[in-house]
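Down below is the structure, laid out as structure tokens.
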There are 2 protein chains.
Amino acid sequence: MAHPRTPDAELIGKIARVFRQHGYEGASMARLSAATSLEKASLYHRFPGGKDEMVAAAAAAGNAWFSEHVLQPISQPGEPAAQIKLVCLRLREFYEDGKLPCVLEALSLPAGSEPLHEALASSLDAWLGAFTQLARNSGFTPAAARDRAEQAIIEIEGSLVLARVKADTGPFLRAIRKLPRLLTEPSI
Amino acid sequence: MAHPRTPDAELIGKIARVFRQHGYEGASMARLSAATSLEKASLYHRFPGGKDEMVAAAAAAGNAWFSEHVLQPISQPGEPAAQIKLVCLRLREFYEDGKLPCVLEALSLPAGSEPLHEALASSLDAWLGAFTQLARNSGFTPAAARDRAEQAIIEIEGSLVLARVKADTGPFLRAIRKLPRLLTEPSI
DNA sequence: GTCTATAGCTTGATAGAC
DNA sequence: GTCTATCAAGCTATAGAC
């Protein structure tokens, strides 16, 4: 197949935000139209596959941003202590200090298609792998590094839920502040 | 009586499960009708307020079950070590070993009404308070107990998200296994 | 109290003008 | 590429028979 036409990044960003905030079923064409300032027919022109193609693009864009700005710095050689600081900064950016739900969470309710759920699981695996690598570089054993990575992601996801229910970003910001110790200090 | 009335508790239980699995917008009347084996008109007879009344009843029922079976045992005088074991059992029951999302999470996306979100926040507060009390009874200082309680709930909520995305209950079951140390052993 | 039937609106998606 | 106009299907909710 030929290269699919490169979609507009800004457009997909706006679409992705609607899916993150409202989930798959809550992201109606009316909301997507309002958020993008494009009529529904125009959205279908850009995404002939409809909502399924839009949510796939949103998930892919979220994964791309996350991979580039959060995970890729970890995969470079460097000081773990410096790397984790950058990761914390980028996570606060990605989640807007805890005000924005995680793509993985918002789209993992049973509404989405099977390929979407596979994409989410694959993104999570990449995240786990990168955090594991960072922990290993900090001196953890392979098994301990895997545990720390999972623990870190659990705390991020859980704190986002608490922050949303309480309408208070505190839990998320505290979870981020704990990350360096969790992932790079074997002596806890 | 050709069609005996389904007991309220059983009916609400079935409704609550739909809301937990699909969220507010995904819990359509068609799904609620199928899950309860009641026609839509019958559901409106029982809940004249429509979906809003149903979701309120579901949240209240979830909160009632949780308060009675998880939180109330903690509020009794007793050995923390024994109490936390019961709590773990009841949590595995409530979340069906990690296969069922948390009510707080599923209903906290911006679809619901304001009273619903207040009810969810209030349920979370009660949960935090009960876990804090348990930690205090185990010898934690008030501040440390509060931290442990929040940490415990973060790990439960986060592990549920991971379990759902990975389609693997492992993260949740491990989080539950860690709970006794987290909440009742100040010497970690 | 539950049902069938239906109203009225919103949804996802399409056709065709410009 | 975006728009207006429209469709069929789905949605929440109601009316009225039994």
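Naming: A, B, ... by sequence-line order, numbering from 1 per chain. For the numbers below, each heavy atom of this structure counts, side chains included, while hydrogens, waters and symmetry mates do not.
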Could you tell me whether the phosphate oxygens of C:dG1, OP1 or OP2, come under 4.0 Å of any side-chain nitrogen or oxygen in B:H45?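 Checking B:H45 against C:dG1: at least one side-chain N or O falls below 4.0 Å of OP1 or OP2.
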Once side chain to side chain donor-acceptor pair (under 3.5 Å) is applied, do any residues pair with B:D97, and if so which ones, sequence neighbours excluded?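 B:R92.
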Taking atom [atom2] of [N] as reference, at what distance in whole Å does atom [atom1] of [X] sit?
X: A:F47; N: C:dT14; atom1: CZ; atom2: C1'; answer: 18 Å
X: A:L11; N: D:dG1; atom1: CG; atom2: C1'; answer: 12 Å
X: A:K51; N: C:dT11; atom1: NZ; atom2: P; answer: 9 Å
X: A:Y44; N: D:dT6; atom1: OH; atom2: C1'; answer: 14 Å
X: B:R46; N: D:dT14; atom1: CZ; atom2: C1'; answer: 18 Å

Electrostatic pair B:R181:B:E155 at N-O distance under 4.0 angstrom: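 Here B:R181 does not pair with B:E155 in a salt bridge, since their nearest N and O are not under 4.0 Å apart.
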Do the side chains of A:R164 and A:E105 get close enough for a salt bridge, i.e. N-O under 4.0 angstrom?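 The answer is yes: the pair qualifies as a salt bridge.
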Which is it for A:R31 and B:E25 under the salt bridge (charged side-chain N to carboxylate O under 4.0 Å, His left out) test, yes or no, and what are the steps along the way? CA-CA 13 Å; A:R31 278 189 179 130; B:E25 317 226 26; 3.2 Å; yes
Can you establish whether the number of heavy atoms outside B:E114 located under 6.0 Å from its atom CD is more than 12?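 Yes, CD of B:E114 has more than 12 neighbouring heavy atoms, counting only those of other groups under 6.0 Å.
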State whether the number of non-hydrogen atoms from other residues, nucleotides or ligands found under 6.0 Å of B:R174 atom CZ is greater than 12.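 Buried by this count: over 12 neighbours within 6.0 Å.
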Considering only heavy atoms, which members of residues 22-43 of chain A lie under 4.0 Å from some atom of DNA chain D?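 Nucleic-acid contacts, sorted: A:L38, A:E39, A:A41, A:S42.
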Rounded to 10 degrees, the angle between the two terminal axes of the helix from C:dG1-D:dC18 to C:dC18-D:dG1, each from five pairs: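 Comparing the first five pairs with the last five, the axes sit 0° apart.
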If you compare all heavy atoms of B:I154 against all heavy atoms of A:P171, which two are closest, and at what distance to 0.1 Å?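 For B:I154 versus A:P171, the nearest heavy atoms are CD1-CB, 4.5 Å.
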Please test B:R46 against B:D8 for salt bridge (charged side-chain N to carboxylate O under 4.0 Å, His left out), starting from the C-alpha separation and ending with a verdict. CA-CA 9 Å; B:R46 305 284 279 272; B:D8 275 0; 3.1 Å; yes
